[in-house]
**Student:** 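Take this structure, written in structure tokens, and hold onto it; I'll ask about it next.
All values reported here derive from a predicted model rather than from experimental measurement.
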Amino acid sequence: MRRSMCAAAVAGGLLSMPVLAQEASEESAEKGKLERIEVTARRTVESLQETPVAITSVGATELGEKGIMVLTEIQQFSPNTTLQASRGTNNTLTAFIRGLGQQDPLWGYEPGVGIYIDDVYIARPQGAVLDLLDVQRIEVLRGPQGTLYGKNTIGGAVKYVTKEMSGETQMNVEATVGSYNQRDVRFTGQIPLVDDTVYLGVGYANLNRDGFGEYLLSALPNQDKENYNKDLWAARVTLEVHPSDDLFFRIGWDKTEDTSNAKGGYRLLPSILTEAPVPDSVFDSYTSLPTWNKVELEGFTWLARYNMSENLELKYIGSHRESYSPTNIDFDNTPLPIFDVPAEYDDSNDTHELQANYFGSNFSLVSGLYYYDGESCGNFDAILGVLGVALGAPGLTREVTGCNNSESWAAYTQLNYDINDQLSLSLGARYTDEEKSAFVNNGLIFDNVYPSTGWVDGYVRPDGQLVPQVLGTDTDGDGILDAPAVESWSRFTPRVGIEYQMNRDTMFFASYSQGFKSGTFNPRAQTNEPGVRPEVVDSYELGMKSDLTDALRLNVTLFSYDHKDRQYIGVEGDLSDPTALDQRLRNAAETAAKGAEVEMTWVATENLQFDMAYGYIDFEIEKNFATPPLIGLASTPENTFNFNASYLLETSFGDIAFNANYYFRDDYLVFETSDLIQQDAYGMVNLSARWESVEGDWYAGLHVKNLTDEEYLVGGYDFVTRDEQGNFGPGLGGDTTLIGYYGDPRTVHLTVGYRF
């Protein structure tokens with residue numbers, strides 16, 4: 001993601017601002033010794049070292065000291081993790097953990113990594129790229145989390161955990177200036193409306209930055225030519241009620257509006273149809289579409305928690321979210337309508353969860369009921385205007401509209417039982433029942449068609465004139481598809497684990513767990529094709545968590561998994577002829593992988609600490625019926641490595657925390673079915689210095705990101721052909737469309753804040 005994170009996170013963590021940053025998720029420890037870190041990976045509060053799950057936790061103090069302002073930076077600290085911005089937009093998330101995730105953000109497709117804000121599931125990747133507010137910690141859970149977190153967590157889960165209010169009047173004002181004219185202002189505060197009972201919290205952020213590059217040529221005059229810029233505001237209001245020590249309520253509202261420009265891609269090959277050579281900068285582009293882009297998100301969350309007794313906790317978590325995203329994606333990145341895709345996404349969903357947690361003398365039980373109701377709709381126009389003219393028509397557009405809606409419920413439970421003082425057993429199960437309905441309108445129009453008036457000069461489709469429905473059901477037998485297609489799936493996902501506490505500081509664990517990604521319908525369907533089955537992952541883990549000394553922590557996890565019924569689009573027909581192009585969604589592959597993850601912390605002195613994280617994955621294709629064939633993992637290097645050194649300098653005018661980290665990613669493919677776009681191995685250096693006054697009211701941080709200005713791919717498009725000699729030729733649209741999107745260049749930013 002670019003500098004904007006899960007807009008859904010506004011309700012529980014939106015604008016990255018270290019309010020009371022000294023209140024970290026970690027419990028304080030004696031100087032020079034390891035800290036106790038608390039996590040909620042198993043839906044209850046536990047010590048990181050006592051939780052038999054592969055997990056990385058980054059607390060508020062660490063976020064502030066390192067100047068981490070977006071979720072994508074968290075990938076550096078979690079092995080075998082990829083969190084990146086998707087292709088042509090600023091705010092759509094691409095997430096993979098252990099090679100499992102989802103790259104295509106089109107409605108209807110499901111993610112493979114679950115995103116949660118205070119245990120509220122964020123269903124869609126659009127807008128899943130936002131900044132944080134009052135974050136207590138961010139947890140990355142690796143491996144399937146199908147028992148406690150449900151569907152679409154086959155790779156793992158990323159959790160934002162926010163702070164409850166303290167009940168005191170507090171305000172925080174913060175300003176940031178930096179490279180590319182970065183200008184950020186943030187404000188957060190809380191005030192007791194009724195002492196010790198009712199608290200009100202507010203937050204607002206306005207985040208701006210000029211583009212890393214520009215649009216060199218454009219078919220449209222008088223438009224903003226900044227590329228990779230940022231223009232976002234966000235607000236949230238939270239009300240907390242503490243009627244008694246045993247009862248707690250929280251209601252939250254948030255809204256985000258991101259009007260950053262659509263991202264233009266970098267042409268890796270010169271155009272053969274118009275004047276669009278390879279630009280000098282990877283952040284420069286060309287376009288024939290408007291550069292504007294918009295993401296609007298709004299949501300409400302509810303939480304009620306009641307401690308019925310010392311042993312029993314009851315909890316209700318609810319949410320309602322809506323998002324609307326009109327966007328312009330120029331696939332070919334030229335001033336001609338060779339392959340332009342204006343699109344709109346419109347989503348809404350409601351979730352409800354009842355949870356009961358019981359804590360006995362030698363066991364704990366987490367159980368609950370979960371309900372999800374979501375509607376995901378959209379439309380796009382694949383405009384192949386130049387090709388249409390070549391065929392003797394005014395233009396050519398493949399127009400696709402539709403919805404892919406889901407309603408599901410689940411029941412789950414997990415028992416953690418201490419057999420004796422050293423040996424424990426975990427048994428968990430979840431049953432999910434889901435029904436999906438979908439319809440797709442898909443057809444060719446021999447003209448250049450745009451979704452709404454004012455997009456560009458040219459033909460605009462009149463309202464009510466849709467292309468034919470191709471996916472649905474014929475309810476009256478008249479041969480006309482007049483109702484959505486409907487299918488249902490159910491899945492039982494178990495977990496079995498055993499933990500052995502060898503001594504107070506060393507635990508070994510082994511587990512088997514299963515997860516699944518929902519079945520779905522093809523959102524690009526051209527026929528009334530059936531839905532595909534859910535993807536299923538069976539995972540095995542063997543791990544150790546150990547504090548070898550008071551100053552040295554070593555956590556190791558070995559894993560393997562089998563991934564069945566993988567969903568892939570099969571492309572049939574001549575790729576250079578859009579009138580013959582046929583895309584079918586199938587369960588087309590089975591794969592497997594094994595690997596290792598190592599995390600180490602060494603507190604060398606009272607003021608000096610070193611942290612290391614290493615991930616390795618070995619991938620194997622067992623069955624391959626995908627077209628084009630599966631050849632590897634997307635956006636997943638074989639090796640990832642991070643080394644961080646932090647030093648605390650104590651002075652008479654306050655403490656200064658210095659941080660330096662080196663992050664390495666091995667080479668990787670951008671797409672699982674193509675080697676046309678690959679990223680070579682690279683390393684990145686980040687430096688930070690953060691000062692806090694003796695009184696704790698003033699603070700400031702200077703942060704340098706990507707010091708050596710590495711260029712690295714995070715997405716792309718490959719619509720070209722290649723002959724046996726390796727020479728590139730025209731693909732869909734008649735041009736050499738090979739496009740790359742890149743991560744942030746070197747940036748420097750200074751943040752100054754005041755708490756009162």
Side-chain angles (χ1 to χ4, degrees), residues 6-15 19 23 25 38-46 60 114-123 130 132-139 148-150 157-167 188 190-194 196-203 235-256 297-309 312-322 348-359 366-374 409-410 412:
C6 196
V10 184
L14 174 104
L15 324 166
V19 179
E23 295 181 10
S25 61
E38 291 187 342
V39 296
T40 56
R42 297 197 292 181
R43 308 298 292 270
T44 60
V45 178
E46 299 175 291
I115 307 295
Y116 294 83
I117 312 298
D118 288 332
D119 288 332
V120 172
Y121 175 58
I122 307 304
L130 254 206
L132 312 170
L133 172 67
D134 283 347
V135 174
Q136 185 173 345
R137 63 183 175 273
I138 297 176
E139 300 176 7
L148 291 179
Y149 293 91
V158 179
K159 296 183 59 178
Y160 305 107
V161 182
T162 64
K163 304 172 186 174
E164 293 182 7
M165 287 185 246
S166 65
T188 58
Q190 58 174 289
I191 185 171
L193 300 180
V194 178
D196 300 323
T197 305
V198 183
Y199 315 141
L200 179 68
V202 296
R236 61 97 176 163
V237 178
T238 304
L239 183 70
E240 290 185 2
V241 183
H242 302 252
S244 68
D245 291 341
D246 296 323
L247 190 59
F248 172 75
F249 299 98
R250 179 164 64 191
I251 302 173
W253 166 86
D254 66 83
K255 186 170 184 178
T256 300
L297 305 108
E298 187 171 17
F300 298 87
T301 59
W302 307 270
L303 170 66
R305 186 176 65 233
Y306 177 48
N307 295 322
M308 182 172 286
S309 67
L312 179 62
E313 176 192 69
L314 302 178
K315 187 185 296 185
Y316 164 72
I317 305 166
S319 71
H320 171 76
R321 301 210 61 82
E322 296 181 356
S348 66
N349 63 76
D350 296 273
T351 64
H352 302 276
E353 183 171 7
L354 291 173
Q355 188 181 112
N357 301 324
Y358 187 83
F359 306 93
V366 177
S367 57
L369 297 172
Y370 180 80
Y371 175 77
Y372 172 86
D373 184 12
W409 66 270
Y412 64 89

**Student:** To the closest 0.5 Å, what do you measure between CZ (F249) and CZ (R305)?
**Tutor:** 11.0 Å

**Student:** Which atom names give the shortest non-hydrogen contact between M165 and G201, and what distance separates them?
**Tutor:** CE-N, 3.5 Å

**Student:** Going by heavy atoms in the side chains, are L193 and L239 under 4.5 Å from each other?
**Tutor:** yes

**Student:** Looking at side-chain heavy atoms only, is the closest gap between E298 and W253 below 4.5 Å?
**Tutor:** yes

**Student:** Check whether any side-chain heavy atom of I115 sits under 4.5 Å from a side-chain heavy atom of Y160, and report yes or no.
**Tutor:** yes

**Student:** When S319 is tested against each of D350, D119, T301, T351 for side-chain hydrogen bond (donor to acceptor under 3.5 Å, both in side chains), which residue passes?
**Tutor:** T351

**Student:** What orientation do Y121 and Y116 show, parallel under 30°, tilted 30 to 60°, or perpendicular over 60°?
**Tutor:** tilted

**Student:** Mind checking whether H242 and D196 have side chains closer than 4.5 Å, heavy atoms only?
**Tutor:** no

**Student:** Within the structure provided, determine whether R250 and E164 are in side-chain contact (heavy-atom separation under 4.5 Å).
**Tutor:** yes

**Student:** Between CG of L303 and CD of E240, what distance do you get to the nearest 0.5 Å?
**Tutor:** 9.0 Å

**Student:** Taking all non-hydrogen atoms of both residues into account, name the closest pair between L148 and Y412 and its distance.
**Tutor:** CD2-CD1, 4.0 Å

**Student:** Give, for atom CD of Q355 and atom OH of Y316, the distance between the pair rounded to the nearest 0.5 Å.
**Tutor:** 13.5 Å

**Student:** Got E313 and V366 here, is their nearest side-chain heavy-atom distance under 4.5 Å?
**Tutor:** no

**Student:** For the pair F300 and I251, evaluate side-chain contact (heavy atoms from CB on, under 4.5 Å) and give the outcome as yes or no after the intermediate values.
**Tutor:** CA-CA 7 Å; F300 298 87; I251 302 173; 5.9 Å; no

**Student:** Is a side-chain N or O of Q190 found less than 3.5 angstrom from the main chain of S166, in a donor-acceptor match?
**Tutor:** yes

**Student:** Are the side chain of K159 and the backbone N or O of T40 linked by a donor-acceptor pair below 3.5 Å?
**Tutor:** yes

**Student:** Return the OG1 to OH distance between T44 and Y358, rounded to the nearest 0.5 Å.
**Tutor:** 15.0 Å

**Student:** Once you round to the nearest 0.5 Å, how far does OG of S309 lie from CG of L314?
**Tutor:** 8.5 Å

**Student:** If you look at every heavy atom in D118 and V161, which pair is closest and at what distance?
**Tutor:** OD1-CA, 3.5 Å

**Student:** Honestly, is R43 close enough over Y149, meaning NZ or CZ under 6.0 Å from the six-membered ring centre and within 45° of the axis?
**Tutor:** yes

**Student:** Is there a side-chain contact between H352 and W409, using heavy atoms and a 4.5 Å cut-off?
**Tutor:** no

**Student:** Taking atom types as modelled, find out whether R236 and T238 have a side-chain donor-acceptor pair closer than 3.5 angstrom.
**Tutor:** yes

**Student:** Please find the pair of heavy atoms, one from E139 and one from E38, that lie closest to each other, and give the distance.
**Tutor:** OE2-O, 4.4 Å

